[in-house]
A.B. asks: 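First, the structure itself, so that you have it in front of you.
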Amino acid sequence: DDEHLERAIQIAIKSNAKPEEKKEKPKASQFVKPMQSENDFETCKTHQGVCVIAFVRDRREESLGRKQKGKRAQDSTIPAVKALQQLAESVEKGRTSKKLKVHFTWVDTDKFPEFAKQFSVRDVEETCRTEERIVEAPEGSDEETPQTVSERVCETKMRVPSLVAVLPKKSKFAGFLSRFDKSSVKDAEDFLTRVTGGDMTLQKLPP
């Protein structure tokens, strides 16, 4: 009888016990943190994988208006940072190799302008203009009046990418020159795929 009673108690305890709650896996977007100082870049440089840095400008106060200044941190997220969070989620979901680790961070270029400039790359698009110059007539020529010659001058400018993918092991990086926002998350994901696949031109990492 005592044995049956003990079994009945054990069954009752098991039936009343609450099932263990499964802990939700943290979202990749939760790990998207801002760089607070240039020293944080060391974390990026020692990361075992790919470190993605978004260069953003914080314009939330301007969009909210003067009356709401000071509430920006609580009430809104920088659009480019939202896009970076989406990119982090998308990359994590589509990651085929667990060995590939991607770290995401962002930098406010207004706070750290010199740091951002270190990642300047040559723009793929040329800027062209027409210049005029005066050419003197050569000696012995029948032409006495100087001639005005028009020349088309083209150049490529250096600019800071909206996004860079740092490869710490190679001490190099690649720049994403298109505008980075929620509409270009897919393009940014393709850019990262090309970087990890060795299909992008790499630049030397700044010291």
Side-chain angles (χ1 to χ4, degrees), residues 26-64 68-92 95 100-125 156-196 200-207:
K27 292 183 178 180
S29 59
Q30 293 177 239
F31 299 104
V32 176
K33 303 294 182 182
M35 281 193 182
Q36 303 292 354
S37 71
E38 291 190 22
N39 290 333
D40 290 343
F41 184 46
E42 293 303 315
T43 303
C44 187
K45 288 166 66 176
T46 56
H47 178 70
Q48 299 299 312
V50 181
C51 181
V52 179
I53 307 174
F55 294 106
V56 306
R57 300 185 72 185
D58 191 346
R59 291 291 179 265
R60 288 175 292 179
E61 285 187 354
E62 293 178 8
S63 62
L64 288 172
Q68 299 183 58
K69 281 186 177 182
K71 293 184 178 181
R72 64 178 191 177
Q74 300 95 327
D75 297 347
S76 62
T77 302
I78 303 171
V81 175
K82 280 186 178 180
L84 188 64
Q85 292 172 340
Q86 292 176 19
L87 178 62
E89 293 287 351
S90 183
V91 169
E92 182 61 28
R95 192 158 57 99
L100 178 62
K101 295 180 180 180
V102 187
H103 176 69
F104 293 88
T105 186
W106 60 274
V107 176
D108 186 340
T109 55
D110 287 336
K111 288 184 178 180
F112 304 104
E114 294 305 315
F115 174 76
K117 284 180 183 177
Q118 294 181 91
F119 289 89
S120 295
V121 295
R122 194 166 294 282
D123 201 335
V124 292
E125 295 182 2
T156 54
K157 295 182 178 180
M158 300 295 288
R159 68 185 178 100
V160 177
S162 58
L163 200 76
V164 295
V166 176
L167 303 175
K169 280 189 176 181
K170 294 184 177 182
S171 294
K172 292 187 177 182
F173 74 94
F176 180 74
L177 292 173
S178 301
R179 180 185 175 88
F180 180 61
D181 54 27
K182 63 180 181 180
S183 66
S184 58
V185 170
K186 182 64 173 64
D187 291 337
E189 192 174 351
D190 291 341
F191 160 74
L192 292 179
T193 300
R194 292 176 64 191
V195 171
T196 55
M200 285 292 295
T201 300
L202 302 178
Q203 312 290 332
K204 188 176 180 181
L205 201 62

A.B. asks: Would you name the heavy atoms of Val185 and Ala83 that are closest together and state the gap between them?
C.D. replies: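 The pair with the smallest heavy-atom distance is CG2-O, 3.7 Å.
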
A.B. asks: Sub-3.5 Å donor-acceptor pair from the side chain of Thr109 to the main-chain atoms of Val56, do we have one?
C.D. replies: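 It does hold such a pair.
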
A.B. asks: Okay, side chain of Ser162, backbone of Arg179: is any donor-acceptor separation there less than 3.5 Å?
C.D. replies: no

A.B. asks: Would you say the side-chain atoms of His47 pair up with the backbone N or O of Val166, donor to acceptor, closer than 3.5 Å?
C.D. replies: no

A.B. asks: Say whether, by atom type as modelled, one donor and one acceptor occur between the side chain of Ser90 and the main chain of Gln86 under 3.5 angstrom.
C.D. replies: no

A.B. asks: Contact between Phe55 and Phe115 at the side-chain level, heavy atoms closer than 4.5 Å - yes or no?
C.D. replies: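 A side-chain contact under 4.5 Å exists here.
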
A.B. asks: For Leu205 and Phe41, what are the C-alpha separation, side-chain angles and deciding distance, and is it a side-chain contact (heavy atoms from CB on, under 4.5 Å)?
C.D. replies: CA-CA 11 Å; Leu205 201 62; Phe41 184 46; 4.2 Å; yes

A.B. asks: Locate the shortest heavy-atom distance separating Phe119 from Pro161; write the atom from each residue and the value.
C.D. replies: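 Looks like O-CD, 3.2 Å.
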
A.B. asks: Quick check on Lys182: does its NZ atom have over 12 non-hydrogen neighbours (other residues, nucleotides or ligands) under 6.0 Å away?
C.D. replies: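 Atom NZ in Lys182 is not crowded, with 12 or fewer foreign heavy atoms closer than 6.0 Å.
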
A.B. asks: Where the side chain of Thr105 meets the backbone of Lys33, is there a donor-acceptor pair that is under 3.5 Å apart?
C.D. replies: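 Here the side-chain-to-backbone pair exists.
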
A.B. asks: Report the C-alpha separation of Leu163 and Leu84 in whole Å, then their side-chain angles, then the decisive distance to 0.1 Å, and conclude whether the side-chain contact (heavy atoms from CB on, under 4.5 Å) test is met.
C.D. replies: CA-CA 9 Å; Leu163 200 76; Leu84 188 64; 4.0 Å; yes

A.B. asks: Would Val102 and Thr196 count as a side-chain contact (heavy atoms from CB on, under 4.5 Å) if you check the C-alpha gap in whole Å, the side-chain angles of each, and the deciding distance to 0.1 Å?
C.D. replies: CA-CA 10 Å; Val102 187; Thr196 55; over 6 Å; no

A.B. asks: What heavy-atom pair brings Ala174 and Leu202 nearest, and what distance separates the two atoms?
C.D. replies: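 Distance-wise, the nearest heavy atoms are CB-CD2, 3.8 Å.
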
A.B. asks: Measure across Gly49 and Pro168 and return the closest heavy-atom pair with its distance rounded to 0.1 Å.
C.D. replies: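 Shortest heavy-atom contact: O-CD, 3.2 Å.
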
A.B. asks: Could you grab the distance from atom CD of Gln118 to atom CZ of Phe112, nearest 0.5 Å is fine?
C.D. replies: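 With rounding to 0.5 Å, CD (Gln118) is 12.0 Å from CZ (Phe112).
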
A.B. asks: Under 6.0 Å between the ring centres of Phe180 and Phe191?
C.D. replies: no

A.B. asks: Which atom pair, heavy atoms only, marks the closest approach of Lys169 to Gln48?
C.D. replies: CE-OE1, 3.7 Å

A.B. asks: Set out, in order, the CA-CA distance, both residues' side-chain angles and the distance that settles side-chain contact (heavy atoms from CB on, under 4.5 Å) for Ser178 and Asp187, then state yes or no.
C.D. replies: CA-CA 9 Å; Ser178 301; Asp187 291 337; 6.0 Å; no

A.B. asks: Any salt bridge between Lys186 and Glu189, counting N to O under 4.0 Å?
C.D. replies: no

A.B. asks: Using a 4.5 Å cut-off on heavy atoms from C-beta on, say whether the side chain of Val164 contacts that of Val121.
C.D. replies: no

A.B. asks: Indicate the atoms forming the closest heavy-atom contact of Met35 with Ile53, along with that distance.
C.D. replies: CE-CD1, 3.8 Å

